[in-house]
Asks: 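Here it is, the structure in full.
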Amino acid sequence: MIDLRLIREQPEQVRAAIATLNTQAPIDEILATDTRRRALLTEVEALKAERNEGSKLVKGAKDPAERQSLIDNLRLLGENIQRLDDEARATDAALHDLLLQVPNLPAKGVPVGPDESGNVVVSEHGTKRVFDFPPKPHWEIAERLGIIDFDRGVKVAGSRNYVLRGDGARLQRALITWMLDLHTREHGYTEVYPPYLVLGEMLVGTGNLPKFSETLFHDAEEDKWLIPTAEVPVTNLYREEILDEGQLPIYHVAYTPCFRREQLSGGREVRGIKRGYQFDKVEMVKFVHPDTSDEEHRRLLRDAEKVLQALELPYRLLQICTGDLSFTAANKVDLETWAAGTEEWLEVSSCSTFRDFQARRANIRFRPAGGGKPQFVHTLNGSGLALPRTMISIIEHYQREDGTVEIPSVLQPYLGGQSVIEPQPPIGPARVASQQSVVGGRVT
RNA sequence: GGAGAGGUGGCCGAGCGGUUUAAGGCGGCUGUCUUGAAAACAGUUGGGCGAAAGCCCCGGGGGUUCGAAUCCCUCCCUCUCCGCCA
């Protein structure tokens, strides 16, 4: 949510900013509703002041007849107050609903562009591997190795689902643990494990609701929503709170699955594990002092880049232009890594700053150290990273001619020193290193 | 899920229709005193809307009343016991 005062005092600037976003906002309606709301408030508050005075007179009135006549007058007043109050409340609610539909305004320096074609490649890092054999797409490699089972995923959960198996599942688990360790040990984040099923208000806070309900999974019975990203529960951790300035900045990192209802068409765009209804992600979320938020955004980006650097994968930074900016972001830079097999750039991270947009919606504030009015914090977040696409890049980049896949050295300690993913054993009883049987009752 | 108890200011805790425009205590801040600190004493102490006057906020929402923290309805949450359960 942007500041109502800004719309009230500089409507033309707001209109101009929104015009660059390739979207629309009900600015005229907001201005009219705001004027109306303020008029109603002035009127009803004057009446309430009158009633408060009148009530004191009733209390002091000893003569029953005089008392009764005072009460009769006040009853009339009360009816007017009731009517105006209802109207004021309805107007206020309408205004709030309208404000929720206004997108965040782009930060200074965000390039103006009509849509994704206006995005700017800022820099490219690492080098794309040159193969002395034709590299394969990850689905071919993974299926042959037996680390991803597409058919059974679809059987169990419908289209766009897959099952990681054996070293495929282990690779993802190693990546998650390693990423969490990296961000907590080297970048100063505190790990949290949040709920995956949240109240609707949380999604209003982050800006997913009310506009984008069609992209979310919702349980109508309990009225709870599956999170589309850890950003939702983690950003809302401090909602309705007034933090001390000294507590800022707060850095959190969380691993969660993410659930997204997407209208997926068949074909190349959805081949493999690039896009699904469910995927895992390690997410970084920051709560910072407004003065530091630009610097914090740069640091967030560096923290995400570090993951790709350590994995030794080629990547590039993509500055998102105004026309491609999401509803909530003031500025956004994507990290894309190269998929050597399908020869395309894959978005593995979006590092966004929301300034006070989410903080306003979720009412997250801090009290300045010197005292004074609470102010909204700035929130930022970025993936660090999304798992499936990181897996794709690893599998395709580190593939060998014989169909096996090298494991990036930084991950090897997380896989018991293993350095290569070999074909998985066929379905059947797994071999166990030491054949000690489980004793003493069932393991549940 | 069932039965009972309860949700009041940063915390504890009174209040049960009108001196509450929320007592009292603790904590915090400021001052006096002190070399400094403690103690003592005095003052102060949340949020929202509004240019201001003022209005609103006692878990959320609704109602009764001239007037509600106080009465009624409803929802949510916490605690205790029971049931179920990784």
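Fair warning: this is a prediction, and the values are worked out from it, not measured in the lab. A note on names: the letters A, B, ... follow the listed sequences, proteins ahead of strands, and every chain is numbered from 1. Basis for what follows: all heavy atoms, side chains included, without hydrogens, waters or symmetry-related copies.
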Asks: Which of these nucleotides, B:G67, B:C55, B:G50, is closest to any side-chain atom of A:Arg51?
Replies: B:G67
Asks: Which listed nucleotide (B:C66, B:G48, B:C55) is nearest to the side chain of A:Lys373?
Replies: B:G48
Asks: Can you measure A:Glu241 atom CD to B:G9 atom P for me and round it to whole angstrom units?
Replies: 15 Å
Asks: For the side chain of A:Arg8, counting heavy atoms from C-beta on, which of B:U64, B:G50, B:G48 is nearest?
Replies: B:G50
Asks: May I have the distance from A:Asp85 (atom CG) to B:G61 (atom C1'), rounded to whole angstrom?
Replies: 14 Å
Asks: Please report the shortest heavy-atom distance between A:Phe279 and A:Pro388, naming the atom on each side.
Replies: CB-CG, 3.5 Å
Asks: Tell me which of A:Glu222 and A:Gly54 sits closer to the 5' end of RNA chain B, going by the nucleotide each one is nearest to.
Replies: A:Glu222
Asks: So does A:Lys281 pair up with A:Glu283, basic N to acidic O under 4.0 Å?
Replies: yes
Asks: What is the base-pairing partner of B:G31, counting Watson-Crick and G-U wobble geometry with both distances under 3.5 Å?
Replies: B:C41
Asks: Under a 4.0 Å threshold between the charged nitrogen and the carboxylate oxygen, would A:Arg170 count as salt-bridged to A:Asp167?
Replies: yes
Asks: Can you check the distance between B:C79 and B:U74, where both ends of the measurement are the P atom (answer in whole Å)?
Replies: 24 Å
Asks: Grab the CG-P distance between A:Leu77 and B:G67 for me, whole Å please.
Replies: 9 Å
Asks: Distance between the P atoms of B:G54 and B:U21, in whole angstroms?
Replies: 16 Å
Asks: Let me spell it out: for each of A:Asp86 and A:Leu76, pick the nucleotide of RNA chain B with the closest heavy atom. Which residue's pick is nearer the 5' end?
Replies: A:Asp86
Asks: With the side chain of A:Ala49 defined as its heavy atoms from C-beta on, choose the nearest nucleotide among B:G47, B:C55, B:G50.
Replies: B:C55
Asks: When you compare B:G9 with B:U20, how far apart are their C1' atoms, in angstrom units rounded to a whole number?
Replies: 13 Å
Asks: P atom, B:U35 versus B:C29: distance in rounded Å?
Replies: 23 Å
Asks: Applying a 3.5 Å limit to both distances, which nucleotide forms a Watson-Crick or G-U wobble pair with B:C79?
Replies: B:G4
Asks: Rounded to whole Å, please give me the gap between CG in A:Leu40 and C1' in B:C55.
Replies: 14 Å
Asks: Answer yes when A:Arg37 and A:Asp92 have at least one side-chain N-carboxylate O distance shorter than 4.0 Å, and no when they do not.
Replies: yes
Asks: Write down the distance separating the P atoms in B:G43 and B:G25, rounded off to the nearest Å.
Replies: 11 Å
Asks: Under a 3.5 Å limit for both distances, which nucleotide forms a Watson-Crick or G-U wobble pair with B:A69, could you say?
Replies: none
Asks: Using modelled atom types only, decide if a donor and an acceptor are shared between the side chain of A:His183 and the backbone of A:Gly188 within a distance under 3.5 Å.
Replies: no
Asks: Look at the side chain of A:Arg75 and decide which nucleotide, out of B:G63, B:C49, B:C66, has an atom nearest to it.
Replies: B:C66
Asks: Round to the nearest Å and state the distance from A:Arg38 atom CZ to B:G54 atom P.
Replies: 19 Å
Asks: Side chain of A:Leu74 only, please: which of B:C55, B:C49, B:C66 is the nearest?
Replies: B:C66
Asks: Taking the side chain of A:Ser55 as heavy atoms from C-beta outward, which of B:C66, B:G62, B:C49 is closest to it?
Replies: B:C66
Asks: Tell me: CD of A:Glu201 to P of B:C76, nearest whole Å?
Replies: 16 Å
Asks: From B:C55, B:G50, B:G47, pick the nucleotide closest to the side chain of A:Arg367?
Replies: B:G47
Asks: Across all strands, who's sitting opposite B:G46 as a Watson-Crick or G-U wobble pair, both distances under 3.5 Å?
Replies: B:C57
Asks: Nearest to the side chain of A:Asn52, which nucleotide is it out of B:C56, B:C49, B:A51?
Replies: B:C56
Asks: Let's go through A:Arg261 and A:Glu214 carefully: what are the C-alpha distance in whole Å and the side-chain angles of both, what is the deciding distance for salt bridge (Lys or Arg N to Asp or Glu O under 4.0 Å) to 0.1 Å, and is it a yes or a no?
Replies: CA-CA 7 Å; A:Arg261 249 175 73 188; A:Glu214 73 281 358; over 6 Å; no
